[in-house]
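Beneath this line is the structure, given in structure tokens, with notes to follow.
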Amino acid sequence: MSMLNSMRWLAVAAGLLLAAPGHSVAQSATVPPLNPAQWTQELRAFARQDSLTPPPRKPILFYGSSSIRKWETLRQDFPGRPVLNRGFGGSRFPDALYFFEKLVVAYQPRQVVLYEGDNDIGAGASAQEVFQSFLAFEQLMQQKLPKVPLVFLAIKPSPSRWALYPKVQEANRLIREYVAAHPKYLRYVDTATPLLGPNGKPQPQFYVSDSLHMTPAGYREWTRVVGKGLKK
């Protein structure tokens, strides 16, 4: 995709945010600006992967931040399903919107599984801003991939970001309620609650030493709940 097309789609996404009824679009002053150049190496790696191993035809596309990128057992976890991992670590919703055509539309997926919002909140975005971004993503799906189902994975709790969990819960609630009201091509999967213990806090065995990313045990929990929402 040319830089002109990239900017065009970013403008579309921004316009969709502005058009979201009843929601403020003011960005938190602390949120870092969009910086597409930081992903140059990751995009080159994707292009190299595609040249060496052609991606599945009409894949189930997993897209989003590092919780997707680090899901290295994706193909083993969903055998017989044409899964494709296009997560790029550290990404936020603005990045997912910016690269929508290049990393989503280009593969003509049969289903999109999205995990974003975690880093947005970590960078200072409000729950409402995350919700607005989700609306923008859904609108791009409707425009460019009509009738392709979108599965949103709930933003997970993390020990290192536990102070932000009330904001995470609010963002998840807003998205869950929207999905419930628009179920035709949308699905919400609760990938947050399975990581909590009886005390309501994140279970340590599901997190690596940075207290943010997940262990294989954490991904086994995700596999259990996500698999129910995947197309054949």
Side-chain angles (χ1 to χ4, degrees), residues 1-16 32-120 122-123 133-134 136-153 208 210 212-214 216 219 222-223 226 230-232:
M1 178 173 59
S2 69
M3 182 60 70
L4 178 61
N5 281 338
S6 293
M7 292 307 296
R8 178 170 59 85
W9 277 108
L10 183 61
V12 169
L16 289 165
L34 183 71
N35 179 22
Q38 69 180 305
W39 309 117
T40 300
Q41 292 301 319
E42 297 215 36
L43 265 64
R44 285 176 179 166
F46 289 148
R48 179 171 172 77
Q49 289 171 20
D50 290 345
S51 67
L52 295 175
T53 307
R57 181 178 173 275
K58 295 186 72 66
I60 299 172
L61 184 80
F62 282 70
Y63 188 52
S65 60
S66 55
S67 291
I68 296 295
R69 183 179 67 82
K70 291 175 176 288
W71 200 339
E72 297 174 351
T73 58
L74 200 59
R75 284 188 294 177
Q76 300 97 292
D77 292 340
F78 301 111
R81 287 181 172 154
V83 297
L84 180 65
N85 191 326
R86 284 298 173 264
F88 49 118
S91 67
R92 294 179 287 129
F93 256 118
D95 304 298
L97 291 163
Y98 187 91
F99 291 111
F100 183 81
E101 189 161 320
K102 190 176 187 68
L103 294 181
V104 181
V105 176
Y107 293 102
Q108 289 297 296
R110 70 182 66 190
Q111 185 176 36
V112 175
V113 181
L114 175 67
Y115 183 82
E116 282 292 6
D118 199 335
N119 293 323
D120 301 67
S133 294
F134 171 79
F137 193 94
E138 190 232 348
Q139 288 296 312
L140 287 181
M141 289 286 298
Q142 290 183 22
Q143 290 185 5
K144 298 298 292 184
L145 295 169
K147 300 183 180 180
V148 173
L150 172 62
V151 178
F152 181 79
L153 305 186
V208 298
D210 66 2
L212 176 63
H213 297 103
M214 294 192 299
Y219 282 110
W222 273 25
T223 299
V226 173
L230 298 186
K231 289 176 69 71
K232 298 293 186 184

Going from [atom1] on [X] to [atom2] on [Y], what distance comes out if it is rounded to the nearest 0.5 angstrom?
X    : Y    : atom1 : atom2 : result
S67  : L153 : OG    : CG    : 9.5 Å
F78  : T73  : CZ    : OG1   : 8.5 Å
D77  : Y219 : CG    : OH    : 10.0 Å
K102 : Y107 : NZ    : OH    : 8.5 Å
Q49  : R86  : CD    : CZ    : 5.0 Å
I60  : L230 : CD1   : CG    : 5.0 Å

With sequence neighbours excluded, what pairs up with D118 under the salt bridge (charged side-chain N to carboxylate O under 4.0 Å, His left out) test?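 D118: salt bridge (charged side-chain N to carboxylate O under 4.0 Å, His left out) contacts with K156, R161.
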Taking salt bridge (charged side-chain N to carboxylate O under 4.0 Å, His left out) as the definition, give me every residue that meets it alongside R92, ordered by chain and number, with sequence neighbours left out.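 For R92 there are no salt bridge (charged side-chain N to carboxylate O under 4.0 Å, His left out) partners, ignoring immediate neighbours.
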Please report the closest heavy-atom contact between [X] and [Y], naming both atoms and the distance.
X    : Y    : answer
V83  : P56  : O-CG, 3.9 Å
V112 : M141 : CG2-CE, 3.8 Å
P109 : V104 : CD-O, 3.3 Å
S65  : G90  : CB-N, 4.5 Å
K58  : P82  : O-CG, 4.1 Å

Crowding at CD, E72 (>12 non-hydrogen neighbours, <6.0 Å):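 Atom CD in E72 is not packed in, count stays at 12 or less.
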Can you tell me if R81 has over 12 outside heavy atoms packed within less than 6.0 Å of its CZ?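 Yes, enclosed.
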Output all residues satisfying ring-ring contact (aromatic ring centres under 6.0 Å, His included) with F93, sequence neighbours left out; order by chain, then residue number.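 Counting only residues at least two positions away or on another chain, F93 forms no ring-ring contact (aromatic ring centres under 6.0 Å, His included).
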Could you give me the CA-CA distance, side-chain angles and deciding distance for F99 and S91, then say whether side chain to side chain contact (heavy atoms under 4.5 Å, CB included) is met? CA-CA 11 Å; F99 291 111; S91 67; over 6 Å; no
Side-chain heavy-atom pair [X], [Y] within 4.5 angstrom cut-off:
X    : Y    : answer
K231 : P149 : yes
L103 : L61  : no
F88  : Y63  : yes

Say whether, by atom type as modelled, one donor and one acceptor occur between the side chain of D50 and the main chain of A47 under 3.5 angstrom.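 It does not hold such a pair.
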When you compare the side chains of Q142 and E138, does any donor N or O come within less than 3.5 Å of an acceptor on the partner?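 On atom types as modelled, these side chains qualify, holding a pair under 3.5 Å.
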Please verify the inter-ring angle class for F62 with W71; under 30° counts as parallel, over 60° as perpendicular, anything in between as tilted.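 Because their plane-to-plane angle is over 60°, the rings of F62 and W71 count as perpendicular.
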As a quick check of understanding, evaluate side chain to side chain contact (heavy atoms under 4.5 Å, CB included) for K70 and M214, giving each step before the final call. CA-CA 8 Å; K70 291 175 176 288; M214 294 192 299; over 6 Å; no
Pair I68-L114, side chain to side chain contact (heavy atoms under 4.5 Å, CB included): steps then yes or no: CA-CA 8 Å; I68 296 295; L114 175 67; over 6 Å; no
Tell me, with the steps shown, if L145 and F100 meet side chain to side chain contact (heavy atoms under 4.5 Å, CB included). CA-CA 11 Å; L145 295 169; F100 183 81; 4.2 Å; yes
